[in-house]
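Structure, as structure tokens:
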Amino acid sequence: MSRYVTTPIFYVNAAPHLGHAYTVIASDVFARHWRQRGEDVFFLTGTDEHGEPVALAAEKLGMTPKALADQNAVHFQTLGPRLGASEDFFIRTSDPRHVERVQEILTRVKDNGFVAEGTYEGWYCPRCADFKTESEIVDGNRCPIHKIELTREQEQNWFFKLSEFEDRLKALFDGQPDFVLPQRFANEARAFIDRGLHDVSLSRSKLTWGVPVPWDPEQVFYVWWDALLNYVTALSFAREGEDLTDRFWPATFQVIGKDILKFHAIYWPALLMAAGLEVPRHILIHGFLLMKDASGEETKMSKSLGNVLDPFEIIDQYGSDALRFYLLREVSFGQDGGVSVDGFVTRYESELANEFGNLASRSIAMVRRYLGGELPAGVAADPAITAELDPIAATVAEHIDAGAPSAALDAVWQGVRRLNRYVEESAPWTLSKDDAKRAELETVLVTLIAGVRSTAVLLHPFIPVAVEKLLAALGTPDVSLDGATVGAVPVSAVEELAPLFPKAS
Ligand code: MSP
């Protein structure tokens, strides 16, 4: 089965921060998990380079928008690898191949009768690059997200006839109730449609940094249309000489933060329908990472609010696995969640280092000490433990398919905790003192190592670096999900393992 997972493409006017990292990490977990199941996976991320925010930032710096985009795109291109993310392609919307495809698709939308000329007059937030309706603005004329004063815009534009899609969008939400996940965001989008849809600008006349409108070169396409289309255009040129569109479109999961719900749950499917393309299977929404500000209030972490926890500092000190684990464990996916350095350190020490890292090290150390590093062939694992651990793989797969990576991680963690209790209950250090208990000791250690191995396979999408080290020490590097049951892949010998999650110096 083919699976296509995307992240939003990020504005190049700022440096990557923890919020961007969070989306990329979650998306990567889906991609890695599906690869473990042997599925045909494509994972896309990239940068959104056109439009006012970039043009304004470049102007301030006295650079051309393209030069700024080239400079900043690099930070996002290195974000994935630093997070241990496994994207298959990184799209930049300034890529001429994207530009050409956008022009082609939007011309088709016009030919299909969904474009009209009109005058726009209303409020506009240059940071969101969004036209705000009266019901969306706060404190007179401020942006509800950025709190900055909105500008009053009046211009002659081409419009996308969004209003004509009201019924079709309602039918989409009725017929595909899990189109937007989690459900409450589907309700939110549905309520937006029920309030009535207005046509939206398809082009802007006052900007030059964008994709030129082929039938009116004085205008460029409004950046959101150009940006949304990346999810489709990328497939046509990501692989030299190959068009992957039929293989991967429609996307399985389009992962986004809740700030851009309207664009993805309403504008995007309408645009696809207008272009005669299929809509994605699921738009998967996550909440905001919140940080405490000076007054102790939790606020959305964002560059413009100046309260950023630097993912790169954490990675430099603790590694990418630690960041990945923390964000998915601390914040229930789909909800807003507070993050903090203290919370990070606590989870790192108590869960990663202690519950998992130590379990692995101890188990290996005991096999080395009591059995000379070798596990006897033909000794079956304790059936009680096998019965508890084996169903976890299916639970994980279900949660992942339902877009719930935190729930998947929690299911595996129950297994980790079960194994810790098993060590305490079976006390191999006591058994080792009694020759008559040799068979029992062997069963316990076989069970432990087999349990650790199967749990590690399930944790691979979350903490790939540590899992690969651990599986190498067990001599069983394969991470396919078929091997995620206790007895699936026998371990015959173990090698010394350095602490997976050392204390930070
Ligand atoms: N360029 C547009 C998206 C176009 S997609 C066709 C954009 N870019 S952005 O750089 O502002 O990135 C927004 C996304 O970054 C959010 O949807 C979310 O995925 C992520 N996050 C940014 N700040 C975040 C938090 N504080 N918390 C969680 N995610 C956040 O919008």
Side-chain angles (χ1 to χ4, degrees), residues 5-28 44-55 57 69 72-73 75-76 79 83 85 90-94 98 102 125-130 143 145-146 185 210-211 221-234 251 253-269 271-272 280 283-293 298-311 323 326-328 330-340 406:
V5 55
T6 66
T7 75
I9 48 169
F10 305 111
Y11 290 132
V12 274
N13 58 324
H17 64 68
L18 200 67
H20 305 129
Y22 180 52
T23 311
V24 173
I25 290 168
S27 307
D28 187 56
L44 179 74
T45 186
T47 38
D48 183 356
E49 305 194 353
H50 291 130
E52 219 155 356
V54 178
N72 285 4
H75 303 307
F76 285 93
L79 178 67
L83 296 171
F90 187 99
I91 185 172
R92 298 184 53 192
T93 55
S94 62
H98 168 76
V102 168
C125 172
R127 290 261 184 77
C128 294
D130 187 13
C143 169
I145 296 167
H146 296 98
F185 293 112
V211 176
F221 287 115
Y222 169 39
V223 65
W224 267 101
W225 304 115
D226 152 15
L228 286 164
L229 282 168
N230 90 87
Y231 301 129
V232 170
T233 66
F253 279 168
Q254 300 215 254
V255 181
I256 60 162
K258 66 179 187 181
D259 50 336
I260 51 179
L261 174 70
K262 176 178 77 179
F263 299 100
H264 285 79
I266 298 169
Y267 291 14
W268 181 220
L271 178 68
L272 287 164
I283 305 287
L284 188 60
I285 320 293
H286 65 70
F288 287 150
L289 299 183
L290 307 172
M291 301 266 317
K292 284 201 170 51
D293 67 14
E298 283 197 327
T299 46
K300 179 189 174 215
M301 200 196 63
S302 80
K303 190 84 183 171
S304 50
L305 298 173
N307 57 350
V308 177
L309 190 96
D310 187 349
L323 180 68
Y326 174 65
L327 293 179
L328 288 168
E330 185 72 28
V331 182
S332 176
F333 196 78
Q335 316 266 341
D336 291 350
V339 292
S340 65
S406 308

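Indexing begins at 1, ligand by ligand and atom by atom, following the structure's order.
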Parallel, tilted or perpendicular: ring planes of His286 versus Tyr22, cut at 30 and 60 degrees: perpendicular
Atoms in ligand 1 with a heavy atom of [X] nearer than 4.0 Å:
X      : result
Gly287 : 28 (C)
His264 : 5 (S), 6 (C)
Ala227 : 6 (C)
Asp48  : 1 (N), 2 (C), 4 (C)

Looking only at non-hydrogen atoms, which of [options] approaches [atom] most closely?
atom                    : options                     : result
atom 17 (O) of ligand 1 : Asn13, Ile256, Asp259       : Asp259
atom 2 (C) of ligand 1  : Val24, Ile9, Leu327, Leu289 : Ile9
atom 15 (O) of ligand 1 : His17, Glu49, His20         : His20
atom 31 (O) of ligand 1 : Ile260, Val339, Thr6        : Ile260

Could you check whether any side-chain N or O of [X] sits under 3.5 Å from a backbone N or O of [Y], counting only pairs where one atom can act as donor and the other as acceptor?
X      : Y      : answer
His264 : Leu261 : no
Asn72  : Ala69  : no
Thr7   : Thr23  : no

Test: Lys258 cationic atom under 6.0 Å from Phe288 six-membered ring centre, within 45° of axis: yes
Asp130 and Tyr222: CA distance, side-chain angles, deciding distance, side chain to side chain contact (heavy atoms under 4.5 Å, CB included) verdict: CA-CA 9 Å; Asp130 187 13; Tyr222 169 39; 4.0 Å; yes
Can [X] be said to touch ligand 1, with heavy atoms closer than 4.0 Å?
X      : value
Lys258 : no
Tyr231 : yes
Phe263 : no

Verdict with reasoning, Phe10 to Val24, per side chain to side chain contact (heavy atoms under 4.5 Å, CB included): CA-CA 11 Å; Phe10 305 111; Val24 173; 3.8 Å; yes
Between His50 and Tyr11: side-chain donor-acceptor atoms closer than 3.5 Å: no
Side-chain donor-acceptor contact under 3.5 Å, His98 with Thr93: no
Thr23-ligand 1 polar pair, N/O distance under 3.5 Å: yes
Nitrogen or oxygen of Gly257 less than 3.5 angstrom from that of ligand 1: yes
Proximity to ligand 1 by part of Leu290, non-hydrogen separation under 4.0 Å: neither
